There are 2 protein chains.
Amino acid sequence: MRKGDETRARILQVAEAAVLAKGFGATSIEELITETGITKSGFFYHFHDKNELAKALLERYLENDNRIYDEIFGRAHELADDPLQAFLLGLKLLSEQLADLPNGHPGCLVAVMCVHERAFDRGIQEINRQAALAWRSRFRAMFTEIMDVYEPREPLDPDQLADMVSTVLEGGIVMSKALREPKSLPDQLLVLRAFVRMLFRGDSRSPNPDVDSRRL
Amino acid sequence: MRKGDETRARILQVAEAAVLAKGFGATSIEELITETGITKSGFFYHFHDKNELAKALLERYLENDNRIYDEIFGRAHELADDPLQAFLLGLKLLSEQLADLPNGHPGCLVAVMCVHERAFDRGIQEINRQAALAWRSRFRAMFTEIMDVYEPREPLDPDQLADMVSTVLEGGIVMSKALREPKSLPDQLLVLRAFVRMLFRGDSRSPNPDVDSRRL
DNA sequence: CGAAAACTGTACCGGCGGTACAGGAGGCTG
DNA sequence: CAGCCTCCTGTACCGCCGGTACAGTTTTCG
């Protein structure tokens, strides 16, 4: 039914903001129901316990997360034919989008679930792992595409390079929260961008190489 | 008194392991006292509430954290005169030490406190911020030392470079937990190491440049 | 209209963080 | 030896929260 889904979505929306702000344990069900305007019974009609809420929260978050990456890197691939240019543009667009958030990135639910780790069941741990693997394969695809055209200066594993993108995102979120400097996260992404550009193109002060001459 | 400090230390030790495994909210005081073999009253004699426990936990963690960095990069500076070599060696030693942990890195309390954020008072948030700033100044000192000798291929801010080390460490911890691959964290550190080497030394396939000829 | 979906209301349970307070063991000091 | 201080123990209690149970009510839709 539609009405039920709408209420459920409203709970998830309120819950996500609360969990990202205070952590999962510090978010009480009672506060969620007062904010969404339903009763406790209503809450447990939708989620039979807090663990199920966590699972739904994580799934919703990951859907949105993937949608954002699809959009940004899809647009980047439309604007640039060259895979390296597209990836570098994508990182830039992502950095800009993150810099535009007035209060900084609200936080990553994957990181939240990692920190709480054993407090959740294996189902959530597995979703988390699959999410990380999905990030890896997403960015690995970009790096192998780049490596078909450019030879890296250092022989780095595309899987590890791909993980580096997620690592900088997750670490950047943690650090910008610790530092209370929202700009830190987008800046770190740009540092990564500089590293990747350096890896495949070398010195930035030399003019851009003629890309097509190196294409297979 | 010595006896009190010893009990306090035992509580902190038990608490740290529990918090890193399950998060702060999921760690109950009752479980801590059964494991340390004291009573609830005994616990509240040492820490007047859970927030104070968190504070003491964080302070203890950061002391140890700083000691480890001092040791590793101190040794690296003993073994290598050149600041770049010393830094690269330090990253390698750190990576090896992290790879030797059988179950991977247990987790970073700074990240835990960041995730829980608003659940704690400003005192803890400030300690967290100071810790991140201390990491920044530690690694910035190394990068400015390196920049006195080597010119970077890309004009990167030493503060942002310094933050990159913390970012990769924090992100690597999150990612290796999400992936359930302990090796991921040390690997990411080595990727960062390759990036830094590339930034200051260029192509790894060319022979090592004569360092002294570039020294000021 | 009727059935299923989407709730509300009430009452209750146990665990947990936290308070209050009395008292006791053990060591140090005058 | 007395007395005090540190470092606890024991007991009793409070309120919040997650969760259960279940009966009843409204809303939605075929």
Side-chain angles (χ1 to χ4, degrees), chain A residues 1-58 60 109 112-113 115-121 123-124, chain B residues 1-19 21-58 60 112-113 115-121 123-124:
Chain A
M1 292 290 148
R2 262 243 310 281
K3 176 84 181 308
D5 289 351
E6 190 197 314
T7 306
R8 198 183 139 99
R10 233 170 57 238
I11 297 173
L12 288 174
Q13 190 181 331
V14 170
E16 183 175 303
V19 168
L20 289 179
K22 314 183 288 189
F24 195 75
T27 300
S28 73
I29 292 175
E30 318 243 356
E31 101 185 60
L32 297 182
I33 64 178
T34 41
E35 201 159 341
T36 45
I38 59 168
T39 61
K40 208 169 173 179
S41 312
F43 175 88
F44 284 106
Y45 173 78
H46 289 287
F47 309 97
H48 101 275
D49 62 11
K50 226 185 170 187
N51 195 79
E52 202 176 294
L53 172 68
K55 201 170 164 180
L57 224 43
L58 188 54
R60 187 189 107 113
L109 272 185
V112 171
M113 303 298 174
V115 163
H116 287 218
E117 214 175 356
R118 291 196 185 261
F120 297 117
D121 63 13
I124 286 187
Chain B
M1 290 290 150
R2 262 241 311 281
K3 177 86 180 304
D5 289 351
E6 190 196 315
T7 306
R8 198 183 139 99
R10 235 171 55 238
I11 297 173
L12 288 174
Q13 191 180 331
V14 170
E16 182 174 304
V19 168
K22 313 184 288 191
F24 196 75
T27 300
S28 72
I29 292 175
E30 318 243 357
E31 100 186 63
L32 296 182
I33 65 179
T34 42
E35 201 160 339
T36 46
I38 58 169
T39 61
K40 206 169 175 181
S41 312
F43 175 88
F44 284 106
Y45 172 78
H46 289 288
F47 308 98
H48 102 274
D49 62 11
K50 225 185 171 188
N51 195 79
E52 203 176 294
L53 172 69
K55 201 170 164 182
L57 224 44
L58 187 55
R60 186 189 107 114
V112 171
M113 304 298 174
V115 163
H116 288 218
E117 213 174 356
R118 289 193 188 263
F120 296 117
D121 63 14
I124 286 187

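Below, chain A is the first sequence line, B the second, and so on; all start at residue 1. Note that the coordinates shown come from a computational prediction; the quantities given were computed from them, not determined experimentally.
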Legend entry - Non-neighbouring partners of B:Asn51 that pass side-chain contact (heavy atoms from CB on, under 4.5 Å), sequence neighbours left out: B:Asp49, B:Phe120, B:Asp121, B:Ile124

Legend entry - A:Ile38, nearest nucleotide to its side chain (from C:dT8, C:dG18, D:dG19): C:dT8

Inset, instruction - Using side chain to side chain donor-acceptor pair (under 3.5 Å) as the criterion, list what pairs up with B:Glu52, not counting sequence neighbours. - result: B:His48

Inset, instruction - Look only at the side chain of B:Lys50 and the backbone of B:Ser28, and say whether a donor-acceptor pair between them is shorter than 3.5 Å. - result: no

Inset, instruction - Please name all residues satisfying side-chain contact (heavy atoms from CB on, under 4.5 Å) with A:Ser41, sequence neighbours left out, ordered by chain then number. - result: A:Thr39

Legend entry - Member of A:Ile29, A:Leu32, A:Leu58 meeting the side-chain contact (heavy atoms from CB on, under 4.5 Å) criterion with A:Leu53: A:Leu32

Legend entry - Rounded distance (Å) that lies between atom C1' of C:dG17 and atom CD of B:Glu31: 13 Å

Legend entry - Between D:dC7 (C1') and B:Arg8 (CZ): distance, integer Å: 14 Å

Inset, instruction - Can you sort out the partners of B:Phe43 under ring pair (Phe, Tyr, Trp, His ring centres under 6.0 Å), two or more places apart, ordered by chain and number? - result: B:Phe47

Inset, instruction - Give me the residues of residues 46-55 of chain B where at least one heavy atom lies under 4.0 Å from an atom of DNA chain D, by number, or none. - result: B:His46

Legend entry - Residue pairs fulfilling salt bridge (Lys or Arg N to Asp or Glu O under 4.0 Å) with at least one residue in residues 12-36 of chain A, sequence neighbours excluded: A:Glu16-A:Arg60, A:Lys22-A:Glu31, A:Glu30-A:Lys40

Legend entry - Spacing between A:Tyr45 atom OH and D:dT20 atom P, to the nearest angstrom: 17 Å

Legend entry - Protein-nucleotide distance (B:Ile33, atom CD1; C:dG18, atom P), rounded to Å: 13 Å

Inset, instruction - Mark up nucleotides 10-16 of chain D, 5' to 3', with B wherever a protein heavy atom is under 4.0 angstrom from a base atom, S wherever such an atom reaches only the sugar-phosphate, and - elsewhere. - result: BB-----

Legend entry - Test item: B:Thr7 and B:Thr36 side chains (from C-beta on) under 4.5 Å apart, heavy atoms: no

Inset, instruction - For A:Phe44 and D:dG19, give me the distance from atom CZ to atom C1', rounded to whole Å. - result: 5 Å

Legend entry - Phosphate OP1/OP2 of C:dC7: any A:Thr7 side-chain N/O under 4.0 Å: yes

Inset, instruction - Using heavy atoms to find the nearest nucleotide of DNA chain D for B:Gly42 and A:Phe43 separately, return the residue whose nucleotide is more 5′. - result: B:Gly42

Inset, instruction - May I have the step-by-step check of side-chain contact (heavy atoms from CB on, under 4.5 Å) for B:Arg8 and B:Gln13, ending in yes or no? - result: CA-CA 9 Å; B:Arg8 198 183 139 99; B:Gln13 191 180 331; over 6 Å; no

